[in-house]
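Every heavy atom of this structure was used, including side-chain atoms; hydrogens, water molecules and symmetry mates were not. In what follows, chains carry the letters A, B, and so on, assigned in the order in which the sequence lines appear, proteins first and then strands, with residues in each chain numbered from 1.
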Amino acid sequence: DTGVSQNPRHKITKRGQNVTFRCDPISEHNRLYWYRQTLGQGPEFLTYFQNEAQLEKSRLLSDRFSAERPKGSFSTLEIQRTEQGDSAMYLCASSPSGGDQETQYFGPGTRLLVL
Amino acid sequence: GQQLNQSPQSMFIQEGEDVSMNCTSSSIFNTWLWYKQDPGEGPVLLIALYKAGELTSNGRLTAQFGITRKDSFLNISASIPSDVGIYFCAGQDKIKAAGNKLTFGGGTRVLVKP
């Protein structure tokens with residue numbers, strides 16, 4: 001299967017701990033997105049990479065959140081000093097760039113529970 | 001907050017029925033996408049619409065991109081039990097400088113009639 005993969009699928013942590021999630025996009029896709037989805041809501045945009053460059057960040061991405069895509073392939077999303085309000089599903093999506101028909105394909109998500 | 005209003009919020013289906021849901025926006029989008037999400041999984045793309053007025057089918061699914069570019073609908077014909085799930089519309093705006101992000105509706109929860 002060559003779809004978007006995310007690890008871990010589930011993470012339980014205690015408040016105040018740091019967590020890191022990984023996303024591996026579809027191999028030929030140079031655009032990568034992170035979204036957050038809370039229970040009963042649609043996904044909300046967090047940040048976006050074109051290759052290794054982080055081109056946009058949402059106001060939802062507080063100072064405790066950092067994302068990287070060092071070689072333009074996989075990406076990591078780190079949350080420092082987690083809070084209970086960080087509990088959510090974190091989704092990664094990728095797409096090819098260029099052209100009018102850019103479609104984003106999502107991974108299975110990482111579900112975070114902060115106790 | 002989210003800009004897309006999706007309705008209905010939930011619906012019950014009986015096998016064989018046709019199902020309709022729609023999405024409206026206060027702003028224009030250049031692309032409309034429909035996704036289905038099962039519990040604990042990521043959204044799976046169903047249909048993508050790239051032109052105003054476009055009507056596209058994918059098996060039993062049909063979706064249209066509204067002429068005003070502010071709305072879209074999704075129809076499911078002859079529903080089957082595996083159609084149960086949450087359906088999301090998403091709009092993408094490429095006019096703005098960094099507008100590749102998707103804006104999602106709140107979802108339509110499709111459930112089976114007891």
One option among A:A93, A:G109, A:G107, A:P108 has the most heavy-atom pairs under 4.5 Å with chain B, and it is A:P108
Counting neighbours of CD on B:Q9 that are heavy atoms of other residues, nucleotides or ligands and sit closer than 6.0 Å, is the number greater than 12? no
Could you tell me whether A:R111 and B:E41 have a side-chain N and a carboxylate O separated by less than 4.0 Å? no
Under 4.5 Å between side-chain heavy atoms, hopping through other hydrophobics if needed: is there a path connecting A:Y90 to A:V4? no
Sequence neighbours excluded, which residues qualify as side-chain contact (heavy atoms from CB on, under 4.5 Å) partners of A:T47? A:W34, A:F49, A:Q54, A:K57, A:L61, A:A67
First locate atom OG of A:S95, then atom CG of B:L102, and finally report the distance between them rounded to the nearest 0.5 Å. 8.5 Å
Working to the nearest 0.5 Å, report the span between CD of A:E44 and OG1 of B:T103. 9.5 Å
Side chain / backbone / both / neither for B:Q37 at chain A, heavy atoms under 4.5 Å: side chain
Begin from the C-alpha positions of A:Y35 and B:F104 and carry the test side chain to side chain contact (heavy atoms under 4.5 Å, CB included) through to its verdict. CA-CA 10 Å; A:Y35 292 82; B:F104 280 84; 4.0 Å; yes
In terms of heavy-atom contacts, does CZ of A:R15 have more than 12 from other residues, nucleotides or ligands at under 6.0 Å? no
Closest contact, heavy atoms only, A:Q41 versus B:F88: O-CZ, 3.8 Å
Side chain, backbone, both or neither: which part of A:Q37 has an atom under 4.5 Å from a heavy atom of chain B? side chain
Counting heavy atoms not belonging to A:I12, are there more than 12 under 6.0 Å from its CD1? no
Return the set of residues passing side-chain hydrogen bond (donor to acceptor under 3.5 Å, both in side chains) with A:E52 (not counting sequence neighbours), or none when no residue passes. none
Is the backbone N or O of A:Y105 less than 3.5 Å from a side-chain atom of B:Y35, with the two atoms forming a donor-acceptor pair by type? no
Who wins among B:G107, B:G42, B:P43 for the most heavy-atom pairs under 4.5 Å with chain A? B:P43
Counting neighbours of NZ on B:K113 that are heavy atoms of other residues, nucleotides or ligands and sit closer than 6.0 Å, is the number greater than 12? yes
Please check if the number of heavy atoms outside A:L115 that lie under 6.0 Å from its CG is greater than 12. yes
Rounded to the nearest 0.5 angstrom, the CG-NZ distance for A:L46 and B:K101 is 11.0 Å
